[in-house]
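Take a look at the structure below.
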Amino acid sequence: MVISPAAGAAEVSFFPALHLRYAAAESRLIAALDASAGVAHLRASHARLVRLGLSGSSFLVSKLLRRLAELGVPMDPYPRLAFSQVPHPNAFLWTALIRGYAVLGPFQEALSHYTLMRRAEAPPLSFTFSALFKSCGAARCLDSGAQVHAQTILLGGFDADLFVQNTLVDMYVKCDHLPSARRVFDGMCARDIISWTSMIVAYSRSGDMGSAEMLFERAPVKDMVAWTAMVSGFAQNARPRDALTVFRRMQEEGIEADDVTLVGVISACAQLGAIGEARWVCDILQKMGLQKNVVVGSALVDMFGKCGLIGEARQAFEAVEEKNVYTYSAMIVALAAHGQAKDAIKLFEQMVEKTQVKPNRVTFIGVLTACSHAGMVEKGRLYFNSMEDKYGIFPSPDHYACVVDLLGRAGLLREAFELVNSMPGEAHGGVWGALLGACRIHVNVEIAEVAANALFELEPDSIGNYVLLSNIYAHAGMWDKVSHVRKLMRGKGLRKNPGCCFVEAKDGAIHEFFAGDMSHPRTREIKAALEELLDRLRLAGYVPNMSCVVRDVSDEEKRSLLKGHSEKLALAFGLLTTEAGETIRIIKNLRVCDDCHAVMCLASSVTERKIIIRDNLRFHHFQAGGCSCGGFW
DNA sequence: GTAGGGTTAG
């Protein structure tokens, strides 16, 4: 329908002249506020508002506040000032102000303005409560949230509003108070997909994916967000296979996926560390054109790093235009894990000098581990000291663990030990573990015993600590102590994890090898290939390192046990199943022993192959007789 | 208008 200008004019001519002018100015201002591209535009519109004497209009100012909050303009001083110029703010304006604080903080201001609003006798809206719950959730302030909840019940009506209930559930979820969330959810007489999704997330956050799954199945409709909540839930709860299964189901059901979904998928692939899956997800991303997205890109950097594809990690990093601290940290950590310490540090320097990106605690974990792997003690100390002085980041026990590792590996065991004793706060398992690890490298029984005792208190069931201590005794030739630790382990019902390796074949099949394992269908070929390889290595000067066998048996038996180490079997399998010149990739569940490390170095030169091993902590790139870890592992 | 996202050590 077309309204003629004359008809419109007839309608507005009911208004007095003054009103007409204001009404026209108002509608122009509404349009201007709606269309404002940035803060400068909004400020200009607001200035016009002031000139026209309309800066006291609740309606216009609430519109202004909403737009400013959308743009992330801090509440103080400007939006708050605009609010204070309104003599009689109505409930909508109060709510816009409260919502602004709920989105941008400081969160307690939302609550105190609610109090002021009540004092001004403005009647709260459902919108007001949703803003308050949002702010309590963001502040993770359960007490205030529960108080506001009580208010809604007291005032009546609000607690039955679907919108209010949904934000209420979400508030309890964000405060990690599952029982209250569930109580509200169960009391709802109508639920929409948002209610169901909030509750699914509640269980996923608490680690109870079983209940999350049950709710997901019960939900009458499932949209992309609900499906994504399941994908991310499994990914966040260390169930990458299930995350991928849900994603495949989602695709089968024809539900679209977006960047958030894919981030969950990428994170699952990172945990699997499988190259086949990584390439598959990368194809999907390319089709969707998501590589520039900073969250996707940061997850990608991490995924490629964990899959051993450090070059691809770098490419993913470069593809992100607006890199943030996650992108940089993921790249720095990946470089450190691959032994490219100098590049990690170069990137860090570049970040602090040439960008606005501020490092955080995780960035420093990456920087300190890089220093540690490269043996850069002085540089590490410098960075550690700069954390608080230059960046205002208080070092956590995790950072102390990195520095203890740094000093310990470099042989400064005494200093490392003193640092543990003098650090503020309690040393945790990571700190003592780093010290114990250093004691293994430098065979220091005295400090090892102190560290081990602390660890047995802190982590009584962690098998690795007993194994480490027993290995240190073995290296020192203290066999009676070795058997004592063994007894200790047996008494606790703990059994040593068998060493095992995975090799991902070209068809994506995973081949598994255990120490001394004969179960692979091609065992005979593998053994023959290994013997042949070891013969060639011996000609190149290889001598088995018997100290790697931490059992008191004959040399003959030691030689045989060494040969059966799972990474050697995996290497032989790799040689059998790949072409000349191809890289061999092996994943190992434990640390690589010195003998296997030496074998890999030599083999890389004798066979002219690149060999990449991911152990439980980092990557080793063997090439031309050397390893990227430079002996630090 | 309310629900789903990425980097951490021995």
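For clarity, every value in this text was computed on a predicted model and none was experimentally measured. In what follows, chains carry the letters A, B, and so on, assigned in the order in which the sequence lines appear, proteins first and then strands, with residues in each chain numbered from 1.
The residue V295(A) sits close to a base: some heavy atom pair falls under 4.0 Å. At a threshold of 4.0 angstrom between heavy atoms, the contacts of S126(A) include nucleobase atoms, whether or not backbone atoms are also involved. When heavy atoms are screened at a 4.0 angstrom cut-off, T369(A) is found touching the sugar-phosphate backbone but no base atom. G429(A) comes within 4.0 angstrom of a base, heavy atoms only. Heavy atoms of D398(A) sit under 4.0 angstrom from at least one base atom. Contacts of G430(A) with the nucleic acid, taken as non-hydrogen atoms under 4.0 Å apart, include base atoms. Among the heavy atoms of the strands, none lies under 4.0 Å from D161(A). Among the heavy atoms of the strands, none lies under 4.0 Å from L262(A).
Listed nucleotides: dA9(B), dG10(B), dG5(B). Nearest to the side chain of D405(A): dG10(B). With dG6(B), dA3(B), dG10(B) as the choices, the nucleotide that has an atom nearest any side-chain atom of I194(A) turns out to be dA3(B). With distances taken from any side-chain atom of V225(A) to the nucleotides dA9(B), dA3(B), dG5(B), the minimum falls on dA3(B). The nucleotide whose nearest atom lies closest to any side-chain atom of V333(A) is, among dA9(B), dG4(B), dT2(B), dA9(B). Closest to the T261(A) side chain, of the nucleotides dA9(B), dG4(B), dG6(B), is dG4(B). Side chain of V296(A), nearest nucleotide from dT7(B), dG5(B), dG1(B): dG5(B). In this structure, of dA3(B), dT2(B), dG5(B), it is dG5(B) that holds the atom nearest to the side chain of V260(A). Side chain of C402(A), nearest nucleotide from dG10(B), dA9(B), dG1(B): dA9(B). Of all nucleotides listed (dA3(B), dA9(B), dT7(B)), dA3(B) comes nearest to the side chain of S198(A). Closest contact between the side chain of V294(A) and the listed nucleotides dG6(B), dT7(B), dA3(B) involves dG6(B).
Nearest heavy atom pair, residue A110(A) against residue L132(A), reads O-CD2, 3.7 Å. Residues V169(A) and F185(A) come closest through the heavy atom pair CG2-N, 4.2 Å. Contact record, E388(A) with P395(A): OE1-CD, 3.8 Å, taken as the closest heavy-atom pair.
Here R618(A) reaches the OP1 or OP2 of dG10(B): one of its side-chain N or O atoms lies under 4.0 Å away. For dG5(B), the OP1/OP2 oxygens have a side-chain nitrogen or oxygen of Q236(A) closer than 4.0 Å. For the OP1/OP2 pair of dA9(B) and a distance below 4.0 Å, the side-chain nitrogens and oxygens of R409(A) include no atom meeting the criterion. For the OP1/OP2 pair of dG4(B) and a distance below 4.0 Å, the side-chain nitrogens and oxygens of K222(A) include no atom meeting the criterion.
Following rounding to the nearest Å, R591(A) (CZ) and dG10(B) (P) show an atom-to-atom distance of 12 Å. Straight-line distance from the CE atom of M387(A) to the C1' atom of dT8(B): 12 Å, rounded to whole Å. Atom-to-atom, CG of N324(A) to C1' of dT7(B) comes out at 9 Å; the value is rounded to the nearest Å. To the nearest angstrom, P of dT8(B) lies 13 Å from CE of M331(A). Nucleotide dA3(B) holds its C1' atom 14 Å from the CG atom of L168(A), rounded to whole Å. Rounded to an integer number of Å, the gap from CE of M230(A) to P of dG5(B) is 13 Å. Atom-to-atom, NE2 of H399(A) to C1' of dA9(B) comes out at 9 Å; the value is rounded to the nearest Å. The nearest whole Å value for the distance from the CG atom in L335(A) to the P atom in dT7(B) is 16 Å.
A cation-pi geometry, defined here as NZ or CZ lying under 6.0 Å from the six-membered ring centre and within 45° of its normal, does not hold between R248(A) and W227(A).
For S329(A) against dT7(B), a side-chain-to-base donor-acceptor contact under 3.5 Å is present. You'll find a donor-acceptor pair under 3.5 Å spanning the side chain of D258(A) and the base of dG4(B), going by distance alone.
A distance-only check finds no donor-acceptor pair linking the side chain of H620(A) to the backbone of D615(A) [under 3.5 Å]. Judged by distance alone, the side chain of T95(A) and the main-chain N or O of A91(A) form a donor-acceptor pair under 3.5 Å.
Side-chain contact between R591(A) and L617(A) is absent, with no heavy atoms from C-beta onward closer than 4.5 Å.
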